Amino acid sequence: MASGNSFYITTPIFYVNDAPHIGHAYTEVAADVVARWHRQAGDDTWSLTGTDEHGEKILRTATANGTTPKKWADKLVTEAWKPLLETINIANDDFIRTTDERHESSVQLFLQRLYDDGYIYSGEYEALYCVGCEEFKPQSEIVNGTGPFEGQKVCAIHSKPLELLKEKNYFFRMSDFTERLLALYEERPDFVQPESARNEVIQFVRQGLSDLSISRSSFDWGVKVPWDDSHVVYVWFDALLNYITAVGYGQDESNFDRRWPATHIVGKDILRFHAVIWPAMLMAAGLEVPKQVFGHGWLLVGGEKMSKSKLTGIAPTEITDTFGSDAFRYYFLRAIAFGQDGSFSWEDLSARYQAELANGFGNLASRVIAMVTKYFDGVVPAPAEYTDVDLAIQAVVQKAAEDADRSINALAIHDALASIWTIVDELNGYITDSEPWALAKDPANAARLGTVLYTALDGLRALAVLLSPVLPQATDKLWEALGAAATLGALVDQPLREAGRFEQLPEGSTVSALQALFPRIEPAVA
RNA sequence: GGCAGGGUAGCUCAGUUGGUGAGAGCGCACGACUCAUAAUCGUGAGGUCGCGGGUUCGAAUCCCGCUCCUGCUACCA
């Protein structure tokens, strides 16, 4: 099946301590749709997701819960993160955990290589430390003191003075890569996208990079530094490496060569790690940099960035329990321009579900299949002479399929959906204008009636194929109802880039009853 | 503070290099139709294009000032 080009796509790995919310799910769904699209188009596709399980925070919560960090992570992976993938119907090819042996050993290999090549040195990390937090504070949590602490730097959480402490750390010579990174952004404008994200990254790197502290010795929950086991690897350095350790770096070179480099889908909050630190790490190791790093936007709820602390965090199941996973997948990818921030509201979700999925696509399938059943006993009629209006529909389908593929390649997922939806809209208009119910009243119009319904049916066939990456459940039902599974084979085996070609649904196939693809949802429930 | 992006119909957003009366979807009103999930199709109402100046024959689109919002300004995943 995999004939074409290698396509490797990743999501960020989830920090297991978080609670899954629709922001995580959004990233997953976007990557999944793109992966499914490429897979069904015949590309040699691999999609990866997973969990990030090291670091001091996890050690602490595990201890607080009276267990070990590994057991704590196991529990969260099993009870929270893998279920999330089920909830939104993700078809990932692999799931890596940073506690996997394959990951840890390859991280050490990578680190040793950088050390041997002189990219890592021992230094002193000096920073402000909060006794209350028991940790070094990032700039964002350091504020100027007031009252008795006037003139001192204090912890934003405890409002108490910070101590300047030193700790022996290993440092990565990231500063060596400033120029090479800038050259990369310049030579490959697509490396960081969208444009706004690219600009921010460039602006940041132009200020100059300093070396990165990549080890910690104050706790031990992490990958051991191979030449000094009193240190563990800084979580980000560890986590980023999942993208190569999962596909065989250092262990299965042929697979690694087959998959790497990857397209990384990330939230814009972690863009810098992926667009600056990560390529610098790869350069140091003599490996190819990623194919692309795409930073998508925030989900805004009530005009604000969604967050747990503001109680705007929404669990994916809150949506899927009512609307289903297909609607979840469709809504976020259709309503939000991928790459920009987008507003979420229950009203908008509900309205789009009703207008686009139920009344638009679902009802279209319903009315066409009902008419074929009523007027042709469910047997797919043969088309006769095509008129201009029929040919116009064929052209719409062809164009939509081509446009959608182009958009997916550019990660403009919302544009792809808009293109595909022109088929839904045009088909609904075509049916109303052609009035098959009127044609059916006179046997003399049988040929014309057959042509109209065949055109509508083959349009549905194209829709099922084109929408299967986004709406896997609904399109499967439709595929069955069209009788296509029996004649054309499984939906996921239908070549996506051929979907726009007309007359694929064999005449003589038998359609069967179709339950509502997207049943109306009573407002009282929602 | 610096840098970047943005403020366009009730809502969410498009608006190429300035030029036919400013657009889409949803919502709303009216009409048509009845195959369909009380669905569909058509028509229409509705906008000081953040504010104030300026350039121009002509600006939402260029320039200046102001105002409001958002992001970035490194080691939090």
Side-chain angles (χ1 to χ4, degrees), chain A residues 12-18 51-58 98 125 127 133 135-141 169 171-172 174 195-197 199-214 216 234-240 266-273 276-277 297-298 300 303-305 334-337 340-345 347-348 350-352 354-375 414 418 421 425 427-440 449 452-453 456 514-521:
Chain A
I13 49 178
F14 308 113
Y15 197 63
V16 289
N17 253 13
D18 288 344
T51 44
D52 181 7
E53 309 181 9
H54 289 135
E56 192 170 13
K57 284 189 183 175
I58 287 164
T98 55
Y125 180 67
C133 299
E135 65 188 6
F136 288 101
K137 305 307 293 182
Q139 207 64 43
S140 59
E141 290 179 33
N169 273 183
F171 284 81
F172 168 51
M174 193 160 70
E195 205 60 30
S196 54
N199 291 338
E200 290 195 353
V201 167
I202 290 174
Q203 179 210 346
F204 173 75
V205 176
R206 276 191 183 142
Q207 296 171 4
L209 298 173
S210 45
D211 292 342
L212 184 71
S213 160
I214 57 158
R216 299 293 129 96
Y234 168 52
V235 279
W236 260 114
F237 206 85
D238 166 8
L240 287 164
V266 301
K268 66 181 184 183
D269 51 331
I270 54 174
L271 187 70
R272 185 177 313 132
F273 294 94
V276 180
I277 299 176
W298 302 121
L300 306 177
E304 291 189 352
K305 181 192 165 195
R334 175 66 195 270
I336 299 168
Q340 293 180 20
D341 292 350
S343 307
F344 167 83
S345 72
E347 291 73 18
D348 191 40
S350 189
R352 284 185 182 272
Q354 198 71 274
E356 296 168 15
L357 293 175
N359 299 347
F361 179 47
N363 182 57
L364 171 65
S366 179
R367 65 196 298 213
V368 171
I369 286 175
M371 284 191 280
V372 173
T373 302
K374 185 178 290 189
Y375 304 143
H414 55 292
W421 227 256
D425 293 335
L427 230 34
N428 268 324
Y430 166 78
I431 290 167
T432 300
D433 291 345
S434 302
E435 301 188 308
W437 49 90
L439 294 172
L449 177 61
V452 170
L453 289 183
L514 177 68
Q515 48 180 313
L517 259 23
F518 299 96
R520 292 182 65 80
I521 290 168

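First the proteins, then the strands, lettered A, B, ... as listed; each starts at 1. What's counted below: heavy atoms across the whole structure, side chains too, no hydrogens, waters or symmetry copies. Every value quoted in this text rests on a predicted model; they were computed, and no experiment measured them.
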Rounding to an integer number of Å, can you tell me how far [X] [atom1] sits from [N] [atom2]?
{"X": "A/Asp433", "N": "B/G42", "atom1": "CG", "atom2": "P", "answer": "7 Å"}
{"X": "A/His414", "N": "B/U12", "atom1": "NE2", "atom2": "P", "answer": "18 Å"}
{"X": "A/Trp421", "N": "B/U40", "atom1": "CH2", "atom2": "P", "answer": "13 Å"}
{"X": "A/Phe344", "N": "B/C11", "atom1": "CZ", "atom2": "P", "answer": "19 Å"}
{"X": "A/Asp425", "N": "B/A24", "atom1": "CG", "atom2": "C1'", "answer": "11 Å"}
{"X": "A/Arg334", "N": "B/G25", "atom1": "CZ", "atom2": "C1'", "answer": "8 Å"}
{"X": "A/Gln340", "N": "B/A14", "atom1": "CD", "atom2": "C1'", "answer": "10 Å"}
{"X": "A/Phe172", "N": "B/A74", "atom1": "CZ", "atom2": "P", "answer": "19 Å"}

What about A/Asn359: does its side chain form a donor-acceptor pair under 3.5 Å with the base of B/A39? no
Look at the side chain of A/Ser210 and the base of B/A74, then say whether one donor and one acceptor between them are separated by less than 3.5 Å. yes
Between A/Gly342 and A/Glu356, which has a closest nucleotide on RNA chain B that is more 5'? A/Gly342
Nearest nucleotide by nearest heavy atom, which residue falls closer to the 5' end of RNA chain B, A/Ile214 or A/Pro519? A/Pro519
Distance, [atom1] atom - from [M] to [N], rounded to whole angstrom:
{"N": "B/C30", "M": "B/C66", "atom1": "C1'", "answer": "45 Å"}
{"N": "B/C3", "M": "B/U12", "atom1": "P", "answer": "30 Å"}
{"N": "B/C72", "M": "B/C64", "atom1": "P", "answer": "26 Å"}
{"N": "B/C11", "M": "B/G54", "atom1": "P", "answer": "31 Å"}
{"N": "B/G15", "M": "B/G23", "atom1": "P", "answer": "16 Å"}
{"N": "B/A24", "M": "B/G44", "atom1": "P", "answer": "10 Å"}
{"N": "B/A45", "M": "B/C51", "atom1": "C1'", "answer": "28 Å"}
{"N": "B/C62", "M": "B/U16", "atom1": "C1'", "answer": "15 Å"}

Pairs under 3.5 angstrom, nitrogen or oxygen only, protein versus nucleotides 2-6 of chain B, please.
none

Would you check if [X] and [Y] make a side-chain contact, meaning some heavy-atom pair closer than 4.5 Å?
{"X": "A/Arg272", "Y": "A/Val201", "result": "no"}
{"X": "A/Arg367", "Y": "A/Thr432", "result": "yes"}
{"X": "A/Glu56", "Y": "A/Arg216", "result": "no"}
{"X": "A/Glu200", "Y": "A/Leu271", "result": "no"}

Working to the nearest 0.5 Å, report the span between CD1 of A/Ile58 and OG1 of A/Thr98. 7.0 Å
In Å and rounded to the nearest 0.5 Å, what is the CZ to CG distance from A/Phe14 to A/Asp52? 11.5 Å
Nearest-nucleotide pick for [X], side chain only, options being [options]:
{"X": "A/Phe518", "options": "B/U37, B/U12, B/U40", "answer": "B/U37"}
{"X": "A/Arg367", "options": "B/C35, B/U37, B/A74", "answer": "B/C35"}
{"X": "A/Leu212", "options": "B/C75, B/C35, B/U37", "answer": "B/C75"}
{"X": "A/Ala351", "options": "B/A74, B/C35, B/C26", "answer": "B/C26"}
{"X": "A/Ala358", "options": "B/A36, B/U37, B/C75", "answer": "B/U37"}
{"X": "A/Asn428", "options": "B/U73, B/C41, B/U12", "answer": "B/C41"}
{"X": "A/Lys268", "options": "B/C75, B/U37, B/G71", "answer": "B/G71"}

Are OP1 or OP2 of B/U40 and a side-chain N or O of A/Ser366 less than 4.0 angstrom apart? no
Residue-phosphate contact under 4.0 Å: A/Arg272 side-chain N/O, B/C72 OP1/OP2: no
Worked verdict on A/Leu453 versus A/Met371 for side chain to side chain contact (heavy atoms under 4.5 Å, CB included): CA-CA 8 Å; A/Leu453 289 183; A/Met371 284 191 280; 4.1 Å; yes
Of all residues at least two apart in sequence or in a different chain, which pass the side chain to side chain donor-acceptor pair (under 3.5 Å) check with A/Asp341? A/Lys268
5'-to-3' dot-bracket of RNA chain B (Watson-Crick, G-U; under 3.5 angstrom; crossing pairs as [ ]; | other strand): (((((((..((((.....[...)))).(((((.......))))).....(((((..]....))))))))))))....
A/Ile13 versus A/Ala239, closest heavy-atom pair with distance: CD1-O, 3.8 Å
Hey, does [X] reach any base, or is it just sugar-phosphate, or nothing, if we go heavy atoms under 4.0 Å?
{"X": "A/Gly208", "value": "base"}
{"X": "A/Leu517", "value": "base"}
{"X": "A/Gly362", "value": "base"}
{"X": "A/Ile336", "value": "nothing"}

